[in-house]
Amino acid sequence: MAEIAAGITVYEPDIERLWENVSSVLRQVKKVYIVDNASSDIGEFKLKVRSDERIVLIENEKNEGVAKALNQMCDAAISDNFEWMLLLDQDSLPEEELINKFSRYLEFENVAIITPRYVDDNEPQVISSESLPDYEFLHRCDTSASLIRLDIYREAGGFDEAMFIDYVDFDYCTTVEKYGYLILKDNQAILRHRLGLAQEITFFIPFGRLFGIKKLQKPMFTYNHSPLRTYYFVRNAKYYRYKHRDVVDKRLERKAVFRWMILKLMFEKQRFKKLKAALQGNRDAKKMIEALKLEGK
């Protein structure tokens, strides 16, 4: 079987859930790399980590962002001769048989990423009971619980550290597709995770029924992320659209961000701060795009 490690990005974690996460994944892989982005108080967790030689803790002096942390753990795993890396976040608990299920596809030609089916603890009503194929191919997926092939990671140039957080995963997926590789979703592998403080929105359902608009006839969800996350989402969405302008549908991408912002401004708190953050993100994205142009990209 291929040599597989796991990596977890940590910032101000719930220590109990994080240790549960680490303990679960250690039963499935040979080594776990943890990158801490300058959390304020994880002393107790450090003591636990240092008692197990299968765990490598990388401590950053400041918050370097998700993309930097992913590169750090992947580079460390490559140095230790691992072939695949299971990427996890601090809140996601992998099922006991995740790696065994993924292993069925390790020999598939040109597969760069294997990803599970996601089930959000905040949205139990969206779980589908319909029959699914054992696997399917996607154009992009979340980073959490994705298994990435490290030689392809190196070929693709790793994760884009300019993005810091948000769209980092989508950017990587699109990049590896450009290199001719595939993203495989294992529908038999499940990851339960929590996407912020999910809020169900049923406001539009009566209008959908009245006007016969199917997309409006089911609940929508908004996640109450902070103004800072709003800033990064808007900034990086615009940067992503430009960076991959040769392959992405820019109209659909803009439409998704617009819908996301409408839900935030209608149903979340701190509306003015989030609008201000979104406008600043849009401005800063233009600077990032200018930097790409100077690089000839």
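Note: hydrogens, waters and symmetry copies are ignored here, and every other heavy atom, side chains too, is used. None of the values given here were measured: they were computed from a predicted structure.
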Novice: Once rounded to the nearest 0.5 Å, what's the spacing between atom CD1 of Ile148 and atom CD1 of Ile183?
Specialist: 11.5 Å
Novice: Before giving the answer on side-chain contact (heavy atoms from CB on, under 4.5 Å), spell out for Phe137 and Val111 the whole-Å C-alpha distance, their side-chain angles and the decisive distance to 0.1 Å.
Specialist: CA-CA 9 Å; Phe137 292 105; Val111 169; 4.3 Å; yes
Novice: How close do Lys101 and Ala189 get, counting heavy atoms only, and between which atoms?
Specialist: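 Answer, listing the atom of Lys101 first, then Ala189: CD-CA, 3.9 Å.
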Novice: Which pair of non-hydrogen atoms, one from Ala77 and one from Met85, has the smallest distance, and what is that distance?
Specialist: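 Residues Ala77 and Met85, closest heavy atoms: CB-CE, 3.5 Å.
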Novice: Report yes if the side chains of Val29 and Trp84 come closer than 4.5 Å at any heavy-atom pair, otherwise no.
Specialist: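 Of all side-chain heavy-atom pairs linking Trp84 with Val29, none is under 4.5 Å.
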Novice: Backbone N or O of Ile165 within a donor-acceptor pair of the Asn236 side chain at under 3.5 Å?
Specialist: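 Yes, the answer is positive, given that a donor and an acceptor are paired below the 3.5 Å cut-off.
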Novice: Using modelled atom types and a 3.5 Å cut-off, is there a donor and acceptor pairing between side-chain atoms of Lys31 and backbone atoms of Val56?
Specialist: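 No.
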Novice: Just wondering, do Asp142 and Thr115 contact through their side chains at under 4.5 Å, heavy atoms?
Specialist: no
Novice: Are the side chains of Leu26 and Asp52 in touch, meaning some heavy atoms are under 4.5 Å apart?
Specialist: yes
Novice: CZ/Arg154 to SG/Cys74 distance, rounded to the nearest 0.5 angstrom?
Specialist: 11.0 Å
Novice: Taking Gly65's backbone N and O only, do any of them form a donor-acceptor pair with Asn63's side chain (distance below 3.5 Å, no angle check)?
Specialist: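 At least one qualifying donor-acceptor pair exists.
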Novice: Evaluate the criterion side-chain contact (heavy atoms from CB on, under 4.5 Å) for residue pair Arg254 and Val257; output intermediate values, then yes/no.
Specialist: CA-CA 5 Å; Arg254 289 193 191 97; Val257 174; 5.9 Å; no
Novice: Taking only residues two or more places apart in sequence or in another chain, which ones pass ring-ring contact (aromatic ring centres under 6.0 Å, His included) with Tyr240?
Specialist: Tyr167, His244
Novice: Should Tyr232 and Phe159 be regarded as members of a common hydrophobic cluster, given that ILVMFWY residues are connected when their side-chain heavy atoms come within less than 4.5 Å of each other, either directly or indirectly?
Specialist: yes
Novice: Drop me the distance from Glu155's CD to Thr175's OG1, to the nearest 0.5 angstrom.
Specialist: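 If we round to the nearest 0.5 Å, Glu155:CD and Thr175:OG1 are 11.5 Å apart.
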Novice: Are Trp260 and Tyr118 connected into the same hydrophobic cluster when the rule is that any two of I, L, V, M, F, W, Y join if their side-chain heavy atoms are below 4.5 Å apart?
Specialist: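 They do not share one cluster, since no chain of ILVMFWY contacts under 4.5 Å joins Tyr118 to Trp260.
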Novice: Within this structure, what is the CD1-NZ distance for the pair Ile289 and Lys238, rounded to the nearest 0.5 Å?
Specialist: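 Here the rounded value is 5.5 Å.
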Novice: State, to 0.1 Å, how close Phe164 and Glu64 come at their nearest heavy-atom pair, and which atoms those are.
Specialist: CE1-C, 3.5 Å
Novice: With no hydrogens and no angle check, is any side-chain donor or acceptor of Glu12 less than 3.5 Å from a backbone partner on Ser40?
Specialist: yes
Novice: Does Arg271 reach the main-chain N or O of Leu265 with its side chain, forming a donor-acceptor pair under 3.5 Å?
Specialist: yes
Novice: How many angstroms lie between atom CG of Asn224 and atom CG of Leu263, to the nearest 0.5 angstrom?
Specialist: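 Separation between the atoms: 10.5 Å.
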Novice: State the CZ-CG distance between Phe102 and Asp186, to the nearest 0.5 angstrom.
Specialist: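 Going from the CZ atom of Phe102 to the CG atom of Asp186 covers 6.0 Å.
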Novice: Please confirm whether the backbone N or O of Trp19 pairs with a side-chain atom of Ser23, one donor and one acceptor, at under 3.5 Å?
Specialist: yes
Novice: I'd like to know if Val10 and Leu88 are part of one continuous hydrophobic network [Ile/Leu/Val/Met/Phe/Trp/Tyr, side-chain heavy atoms within less than 4.5 Å].
Specialist: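 Cluster IDs for Leu88 and Val10 match.
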Novice: Are more than 12 heavy atoms, taken from residues, nucleotides or ligands other than Phe272, located less than 6.0 Å from that residue's CZ atom?
Specialist: no
Novice: Report whether Val248 and Leu182 are members of the same hydrophobic cluster (ILVMFWY, side-chain heavy atoms less than 4.5 Å apart, transitive linking).
Specialist: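 No, Val248 does not connect to Leu182 through the hydrophobic network.
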Novice: Side chains of Asn21 and Pro94: does their closest heavy-atom pair fall under 4.5 Å?
Specialist: yes
Novice: Determine whether a donor-acceptor pair (N or O, by modelled atom type, separation under 3.5 Å) exists between the side chain of Gln28 and the backbone of Ile99.
Specialist: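 Checked: pair present.
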Novice: Is the backbone N or O of Tyr11 less than 3.5 Å from a side-chain atom of Asn37, with the two atoms forming a donor-acceptor pair by type?
Specialist: no
Novice: Kindly indicate, with the supporting measurements, whether the criterion side-chain contact (heavy atoms from CB on, under 4.5 Å) is fulfilled by Glu177 and Val247.
Specialist: CA-CA 10 Å; Glu177 277 204 319; Val247 294; over 6 Å; no
Novice: Evaluate the side-chain proximity of Lys243 to Thr174: yes if any heavy-atom separation is below 4.5 Å, no if none is.
Specialist: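 SC-SC contact between Thr174 and Lys243 ruled out.
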Novice: Assess whether atom CZ of Phe233 is packed by more than 12 heavy atoms of other residues, nucleotides or ligands within 6.0 Å.
Specialist: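 Atom CZ in Phe233 is crowded, with more than 12 foreign heavy atoms closer than 6.0 Å.
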Novice: Relative to the ring of Tyr172, is the ring of Tyr153 parallel (under 30°), tilted (30 to 60°) or perpendicular (over 60°)?
Specialist: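 Tilted, since the angle between the ring planes falls between 30° and 60°.
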Novice: Whether Glu268 and Lys264 form a salt bridge (side-chain N of Lys/Arg under 4.0 Å from carboxylate O of Asp/Glu) is what I want to check.
Specialist: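 A salt bridge is present here (some side-chain N lies under 4.0 Å from a carboxylate O).
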Novice: Looking only at heavy atoms, which two atoms of Gly281 and Val234 are closest? And how far apart?
Specialist: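 So the minimum-distance heavy-atom pair works out to C-CG1, 4.4 Å.
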Novice: To check you understand the geometry: which heavy-atom pair defines the closest contact between Ser144 and Pro116, and what is its length?
Specialist: O-CD, 4.4 Å
Novice: Is Lys250 salt-bridged to Glu253, going by a charged N under 4.0 Å from an acidic O?
Specialist: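 Not counted as a salt bridge, because no side-chain N and carboxylate O are separated by less than 4.0 Å.
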Novice: Kindly work out whether a path of hydrophobic side-chain contacts (I/L/V/M/F/W/Y, heavy atoms less than 4.5 Å apart) joins Leu70 to Ile34.
Specialist: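 No, separate clusters.
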Novice: In plain terms, say whether Arg104 and Asp134 are close enough for a salt bridge, that is, a side-chain N and a carboxylate O under 4.0 Å apart.
Specialist: no
Novice: Would you say the side chain of Leu87 lies within less than 4.5 Å of the side chain of Met73, judging by non-hydrogen atoms?
Specialist: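 Side chain of Met73 against side chain of Leu87, heavy atoms only: contact under 4.5 Å found.
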Novice: Under the 3.5 angstrom rule, does the side chain of Asp160 hit a backbone N or O of Ala162 as a donor-acceptor pair?
Specialist: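 A pair under 3.5 Å: yes.
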Novice: Go through it in stages, so that I can follow the logic: the residues are Leu98 and Leu191, the test is side-chain contact (heavy atoms from CB on, under 4.5 Å), and I'd like the CA-CA distance, side-chain angles, deciding distance and then a yes or no.
Specialist: CA-CA 8 Å; Leu98 184 67; Leu191 178 74; 5.6 Å; no
Novice: Can you confirm whether Lys178 is buried at NZ, in the sense that more than 12 heavy atoms of other residues, nucleotides or ligands lie under 6.0 Å from that atom?
Specialist: yes
Novice: Should the pair Arg245 and Tyr242 be classed as cation-pi, given the thresholds of under 6.0 Å to the six-membered ring centre and 45° from the axis?
Specialist: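 Yes, Arg245 lies over the aromatic ring of Tyr242.
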Novice: Okay, side chain of Asn187, backbone of Pro133: is any donor-acceptor separation there less than 3.5 Å?
Specialist: yes
Novice: Looking only at side chains, do Glu3 and Asn81 share a donor and an acceptor under 3.5 Å apart?
Specialist: no
Novice: If we count only N and O atoms by modelled type, under 3.5 Å, do the side chains of Tyr231 and Asp284 hold a donor and an acceptor together?
Specialist: yes
Novice: Less than 4.5 Å apart, side chain to side chain, heavy atoms only: is that true for Lys30 and Arg54?
Specialist: no
Novice: Would one find more than 12 heavy atoms of other residues, nucleotides or ligands at under 6.0 Å from atom CD of Glu107?
Specialist: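 It does not: Glu107 CD has 12 such atoms or fewer within range.
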Novice: What's the shortest heavy-atom distance between Tyr105 and Ile114, and which atoms?
Specialist: CB-CD1, 3.9 Å
Novice: Quick check: do Tyr179 and Ile152 have side-chain heavy atoms less than 4.5 Å from each other?
Specialist: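 Side-chain contact under 4.5 Å: no.
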